[in-house]
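Heads up, the thing below is written out as structure tokens.
The first residue of the sequence shown is numbered 1, and numbering continues consecutively from there.
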Amino acid sequence: MSVLTALSEDEMNRRKDLFARFPGIDDLAGYNAVAAEPLRPIVAIVDEATALLGNKAVENALRTVALRARKYGLWLLLAGQDWKASSLDSAIKNQLSTRVQFKALSGAQSLSLIHI
């Protein structure tokens, strides 16, 4: 959990403060074009996300990153084995621009992955 907290609160807020120095800059590429020290993108890979999302603190940290951190160059990759349509809350789900599905165990599971 401390890694997600560091990403969702500490690093995002640090980058938010850096971006504030350059009004009108609203993405990582724009920031890096004007800043003396460019920032690298960070990708948080969360495996077994379906199991971790049962913990509200984890879900809240993931929601924060999904909703607010992308503009600062912080992205999420969520992986899991047993996704259900109810696995993700709609705020996180709406931020997922790409979904990759490998072999599903059943037709029902395959259909639920489409709706995630």
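- Interatomic distance, Asp89 CG to Arg63 CZ, rounded to the nearest 0.5 Å: 4.0 Å.
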Residues 27-46, side-chain donor-acceptor partners within the protein, below 3.5 Å, at least two apart:
residue: Asp27; atom: OD1; partner: Gly30; partner atom: N; Å: 2.7
residue: Asn32; atom: OD1; partner: Leu39; partner atom: N; Å: 2.7
residue: Asn32; atom: ND2; partner: Leu39; partner atom: O; Å: 3.0

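- Interatomic distance, Ile92 CD1 to Leu78 CG, rounded to the nearest 0.5 Å: 7.0 Å.
- In this structure, the separation between CG on Asp17 and CE on Met12 is 10.5 Å, given to the nearest 0.5 Å.
- Here the closest heavy-atom approach between residue Arg15 and residue Gly73 is recorded as NH1-O, 3.8 Å.
- With rounding to the nearest 0.5 Å, the separation of NZ in Lys16 from CZ in Arg68 is 5.0 Å.
- Residue pairs meeting the ring-ring contact (aromatic ring centres under 6.0 Å, His included) criterion with at least one partner in residues 35-59, sequence neighbours excluded, are absent.
- Considering CG of Asn13 and CG of Leu18, their distance stands at 11.0 Å, rounded to 0.5 Å.
- In this structure, Asn60 CG and Leu53 CG are separated by 10.5 Å, a value rounded to the nearest 0.5 Å.
- Under the ring-ring contact (aromatic ring centres under 6.0 Å, His included) criterion, no residue pair touches residues 34-54, with sequence neighbours excluded.
- No continuous path of ILVMFWY side-chain contacts below 4.5 Å connects Leu67 to Leu62, so the two sit in separate hydrophobic clusters.
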